[in-house]
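Below is one structure, written out as structure tokens; comments come after it.
Note that these values count all heavy atoms, side chains included, but never hydrogens, waters or copies made by symmetry.
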Amino acid sequence: MIILKPSWISHNGMPIFSIDIHPDGTRLATGGQGRDSGLVMLWNTAAVLDENSENDENVPKMLCQVDSHLASVNCVRWSHSGKFLASGGDDKIIMVWTLSKYPNSGNIVFGTKNIVNIETWKCMFTLRSHSGDILDLAWSPHDSYLASCSVDNTIIIWDAQKFPSIHKVLSGHTGLVKGVSWDPIGKYISSQSDDRTLRIWRTSDWKTDTIVTTPFKDCGGNTSVLRHSWSPDGQYLVSAHAMNNNGPVAKVIERDGWTYEKDYVGHRKAVNCVRFSNSIMERKVGKKSHHMCLCAVGSRDTNVSVWQTGLKRPVVVLESLFQGPVLDLSWSTNGLNLYACSYDGTIAILIFDPKDIGKALSNQDKNIIFEKMYGISPLERHNNNLLIENPAILKMNGIQQSEVQEVGSKKEIKQPSPNVIKPLPPILKKQIETRTSDGRRRITPIFIPPTPDNAEEINVLPFSSSSECKSQVVVERVNNIIEPNISNSCSNFSQESQNPTIIDSTIPRSTPTSVLQISPTRGESKKRPEPVALISNLFSTKKIKFNNLEENEISSDVRPNFGQTTMQKRKFTISNLCTDRVVVENDKCKTINGTISKMKVYSNNLVAWERVFSSSVVKYCTNKTLSLIVVALSDCTIHVIGSKNGSLICPPYVLSSLVTSISSNNHYLLCMTQNSLSVWNIYKQECVLHEEKLNTLVCSNKNKPVNVQKCMLTENGTSIITLTTGKSYMFSISAKCWMMIGDSGDSIYSNSSQKNKHNGLNKTSGKYPLSVMQAYSSKYKSNLDFKDTEGISELCSKSFLEQQMSAALALESDKEYKYWLMAYVSFLIEREDNDRLRHLCQDLLGVSHGYSSHKKVETIIGMSKHELLREVLGIIAGSRSTQRLFTEFHDQLQQMS
């Protein structure tokens, strides 16, 4: 072991309160007191560790000195990525520093004569919220949060992704909070205070999990800091100042049950600081190799001791290393170098030999250890920061992973392409200079792209004024004389600007001829081929325009003046699923009593049968289930014909007005006229809905032009209409009224982050009626252009998902109900709404007590509630924040099944 004490690292004899080594080991940060302000200083570790570099005048020793803090700096901490340096002090503020891409190196530090900054570090964020001195800082795993503690008895969790936003304020201590530390797994954060407690907080809900008090009952508030630390494997938490038999110790608190039966002893005065190395060491003891963690302890007795977990005695004890209390410690990434600072204004570096403490494990080996202990790797994202407590969850996750692997082996999964950085426009290295008739110069501007201030690039740019950095732009002078383009007269404007193009909005635009045709988006071409209809129950619908009537103007005698149906074609051909081809010839021949229209059906390119009608054919559809062809004529009648032989199944249906839309699905037939809607069960020859007036839909869409965008029939005979206002309706036979099942123009839909979830459903299949109707109202896009400061978007998203579930339930669409139920569960898990999740699971579980003979498993749209609950629990098992809810209902479901 080698001990170094570089005398040139100092704060001009003033105390150094904090020290931290950069993750890459190239920079050493110190914080402390200056002459009239707080100081943050950065040092070159190459000059510290290498004697040749220390003696080389070309190798800088001090890299940067900043004195922006108004009072003493108590703590400096590098982020795990090394991108940021946080500093906090007695001025009650935190500064987050980053290396500038535009270094102003070579400048003499203000107020000094010979101190030169080699690097330029700028303050990116200033965090203000504490009302007292800040004593300690800690970055969370993955640098998602920054925690700070203060003499104002609080811990503030800052959102590092949204500085200076505050994520949470932890209150509960009744004394000065002097230390804060993160669990390396991310499940807990701990704090130690002068109120003689050490609190462990859960990061899932930011509430207190455990309060440790017994080891600190006899402690006095005689330490300036209480910097405790977690072991890199998360199994131990070693506190600062504690007492055992009236002797100062560092208490070892075990994660399993938060027991504290072990101590690090030997110091004569209170322990100020404890710091674990981030490396897990593999050391051979006897004939076996053991995994151990390195822990350094600093005390007010000026001594430093180094311990390894699993050993009863310290690795080394360094006495009289300083002339004052040890205030902070820091380990290098490889776990071999220990840095310590003292109140006497000096630092010390302890360089260990791997033979004495072991060899650091690789990141891959550490991941294996973490996965065995917690079922999670430290490299995983911070969203999964909770540990698995129930073995059933591990089993279920294993099953899900095997299913994913099986699917991946059968089907190629398209990997997302990496983000491609778009190149900047080319730099034009030539400027054109011209002169106007009045003698003025005109220079064409060129594009000079700004260089992003990327703090991740830590290399320092040299400060130079050589010819390499001079401008390479060439000025080209043009001798042509041009007229000046500035005048006080309006006559100088071009003729084009005086005559703007007028777009005639009265020119009719073609409407979709197929129900599968969707309006093109901005990025697509407006000329798209007409798609071919894929199923027989989707048919083109003429836009029927309603008159907007006031509520007091509507009566039973009033008939709205709906738009008339356009004239029929003389001859047209229709392809369908029941036959090869159907040819309709309207007004085939004229007789004394009227015209005759003819329908000819082909099968295998041969005429299968022919049929004539006394009126023109205006609408036509097929029914594959019953092998039927339904024809609507201009005399307001509907003919139901067998598709195999052309026989008439029943006498024609007679309606009160001309048919504008007709469709058939399963056993049902829907006909829409100019002012009503009717539905029949053609298999049983029964009326389901008789000429239901559409005036109700007019009333609910006042002051808006109303057209029918889509009309369809579900497999169970429910009729659905989507209007151009973005609203969709279904007619409930049991309730005998229209129900609104969707509104894409609604403010709740507009401000919902879940409105695009239906993209995962099939929008062309009749088995997904809700999705089909929403596809036709998708052109009513919404803009989320307000600042959501009260969580309105979250409430809108929840309301939207609940509306989708209720609509699917009313339509008796089992697949869509299941889809939206799972989306709703995922949303509640993401928002950690355990109360609503418990209510939902309890409803699916049903009554779990009583005699088994009286228990009856209920169903939803033919689906077993218990089977749905199993799938819901499968989603819940994927989140560790809801694992206790999983255990509660999983055990009950196992007992009932």
### Task
Please examine the side chains of Val40 and Val76, heavy atoms only from C-beta on, and report whether any two atoms are closer than 4.5 Å.
yes

### Distance-minimising heavy-atom pair for Trp121 and Thr98
CE3-C, 3.3 Å

### Query
Out of Arg275, Arg27, Arg227, which residue meets the salt bridge (charged side-chain N to carboxylate O under 4.0 Å, His left out) rule with Asp20?
Arg275

### Query
Which class fits the ring pair Trp258 and Trp230: parallel under 30°, tilted 30 to 60°, perpendicular over 60°?
perpendicular

### Query
With no hydrogens and no angle check, is any side-chain donor or acceptor of Asn245 less than 3.5 Å from a backbone partner on Gly247?
no

### Message
Determine whether Cys295 and Tyr236 satisfy the following criterion, side chain to side chain contact (heavy atoms under 4.5 Å, CB included), listing intermediate values before the conclusion.
### Response
CA-CA 11 Å; Cys295 180; Tyr236 303 101; over 6 Å; no

### Query
What is the minimum heavy-atom distance between Leu329 and Gly298, and which atoms define it?
CD1-N, 3.7 Å

### Message
Taking Asp133 first and then Lys92, would you say they form a salt bridge - that is, a charged N and a carboxylate O separated by under 4.0 Å?
### Response
no

### Query
If you round to the nearest 0.5 Å, how far is CD of Gln235 from SG of Cys293?
9.0 Å

### Task
Given side chain to side chain contact (heavy atoms under 4.5 Å, CB included), test Arg128 with Thr126 step by step and report yes or no.
CA-CA 6 Å; Arg128 306 174 187 270; Thr126 302; 3.7 Å; yes

### Query
Do Asp91 side-chain atoms and Leu70 backbone N/O form a donor-acceptor pair below 3.5 Å?
yes

### Query
After noting the C-alpha distance and the side-chain angles of Ser191 and His173, does the key distance pass the side chain to side chain contact (heavy atoms under 4.5 Å, CB included) rule?
CA-CA 9 Å; Ser191 57; His173 282 291; 2.7 Å; yes

### Query
Would a distance-only check, ignoring hydrogens and angles, find a side-chain to backbone donor-acceptor pair under 3.5 Å from His22 to Asp24?
yes

### Query
Does the salt bridge (charged side-chain N to carboxylate O under 4.0 Å, His left out) test come out yes or no for Arg255 and Asp183, once each step is laid out?
CA-CA 10 Å; Arg255 189 189 195 99; Asp183 165 26; 2.9 Å; yes

### Query
For the residue pair Cys149 and Gly179, what are the closest heavy atoms and their distance?
SG-N, 3.6 Å

### Task
Check whether any side-chain heavy atom of Lys217 lies under 4.5 Å from a side-chain heavy atom of Met243, and answer yes or no.
no

### Query
Does atom NZ of Lys5 have more than 12 heavy-atom neighbours from other groups under 6.0 Å away?
yes

### Task
Might you work through the side chain to side chain donor-acceptor pair (under 3.5 Å) test for Ser148 and Trp158, ending with a clear yes or no?
CA-CA 8 Å; Ser148 61; Trp158 306 86; 2.9 Å; yes

### Task
Determine whether Leu170 and Thr154 make a side-chain contact, defined as any pair of heavy atoms from C-beta on separated by less than 4.5 Å.
no

### Query
Are Tyr188 and Thr203 linked by a side-chain donor-acceptor pair shorter than 3.5 Å?
no

#### Entry: From NZ (Lys262) to CD (Glu254), nearest 0.5 Å
4.5 Å

### Query
Do we see a donor-acceptor contact under 3.5 Å between the side chains of Ser18 and Arg77?
yes

### Query
Yes or no on side chain to side chain donor-acceptor pair (under 3.5 Å) for Arg199 and Ser193, after CA distance, side-chain angles and deciding distance?
CA-CA 8 Å; Arg199 287 178 177 256; Ser193 167; over 6 Å; no

#### Entry: Nearest non-hydrogen partners of Ser239 and His228, listed with the distance
CA-CB, 3.7 Å

### Message
Counting only heavy atoms not in Tyr264 (residues, nucleotides, ligands), do more than 12 fall under 6.0 Å from its OH?
### Response
yes

### Query
Under the 3.5 angstrom rule, does the side chain of Asn117 hit a backbone N or O of Glu119 as a donor-acceptor pair?
no

### Side chains of Val326 and Asn303 in contact at under 4.5 Å (non-hydrogen atoms)
no

### Query
Can you list every side-chain hydrogen bond (donor to acceptor under 3.5 Å, both in side chains) pair that touches residues 349-359, not counting sequence neighbours?
none

### Message
I want to know whether Tyr339 and Trp43 have ring centres closer than 6.0 Å.
### Response
no

### Nearest heavy atoms of Ile357 and Met281, plus distance in Å
O-CB, 3.6 Å

### Straight-line distance of Leu294 CG to Asn278 CG, nearest 0.5 Å
11.0 Å

### Summary
Closest heavy-atom pair, Pro23 versus Trp78, reported as atoms and distance to 0.1 Å, is CD-CB, 4.0 Å

### Message
Measuring from atom CG of Leu226 to atom CG of Asp136, what distance do you get when rounded to the nearest 0.5 angstrom?
### Response
9.5 Å

### Query
Do the side chain of Asp328 and the main chain of Ile19 share a donor and acceptor less than 3.5 angstrom apart?
yes

### Message
If you count heavy atoms of other groups shown closer than 6.0 angstrom to CD of Gln323, is the number above 12?
### Response
no

### Message
With ring pair (Phe, Tyr, Trp, His ring centres under 6.0 Å) as the criterion, how do Phe276 and Trp307 come out once you've worked through the C-alpha distance, each side chain's angles and the decisive distance to 0.1 Å?
### Response
CA-CA 9 Å; Phe276 269 99; Trp307 303 73; over 10 Å; no

### Query
Is there a donor-acceptor contact under 3.5 Å linking the side chains of Asp90 and Asn74?
yes

### Query
Is the closest side-chain donor-acceptor distance between Asp56 and Ser53 under 3.5 Å?
no

### Crowding at NZ, Lys61 (>12 non-hydrogen neighbours, <6.0 Å)
yes

### Query
Can any side-chain N or O of Ser299 pair as donor or acceptor with the backbone N or O of Ala270 at less than 3.5 Å?
yes

### Query
Counting distance only, does the side-chain N/O of Thr120 pair as donor-acceptor with the main-chain N or O of Ser100 below 3.5 Å?
no

### Task
Before giving the answer on side chain to side chain contact (heavy atoms under 4.5 Å, CB included), spell out for Asp233 and His291 the whole-Å C-alpha distance, their side-chain angles and the decisive distance to 0.1 Å.
CA-CA 10 Å; Asp233 59 3; His291 293 159; over 6 Å; no

### Task
Calculate, to the nearest 0.5 Å, the distance between atoms CD1 and CD1 belonging to Ile347 and Ile16 respectively.
6.5 Å

### Query
Does the Asp152 side chain pair with the main chain of Ser131, one donor and one acceptor, at a distance under 3.5 Å?
yes

### Query
For the atom pair CG (Leu237) and CG (Leu198), what is the distance rounded to the nearest 0.5 Å?
5.5 Å

### Task
Establish, from distance only, whether the side-chain atoms of Ser190 and Trp201 form a donor-acceptor pair under 3.5 Å.
no

### Query
Taking the side chain as C-beta and beyond, is there a heavy-atom pair between Val306 and Phe352 under 4.5 Å?
yes

### Query
Counting only N and O atoms by type, is there a donor-acceptor contact under 3.5 Å from the side chain of Ser330 to the main-chain atoms of Ile21?
yes

### Query
Gln65 versus Leu39: any side-chain heavy-atom pair under 4.5 Å?
yes

### Query
Is there side-chain contact between Leu327 and Ser224, with at least one heavy-atom pair below 4.5 Å?
yes

### Task
Could you check whether the rings of Phe84 and Trp139 sit parallel, tilted or perpendicular, using 30° and 60° as the cut-offs?
parallel

### Task
Give a yes-or-no answer on whether the side chains of Asn272 and Thr223 include a donor-acceptor pair shorter than 3.5 Å.
no

### Query
Between His267 and Thr302, is any pair of side-chain heavy atoms under 4.5 Å apart?
no

### Donor-acceptor contact below 3.5 Å, side chain Ser289 vs main chain Glu282
no

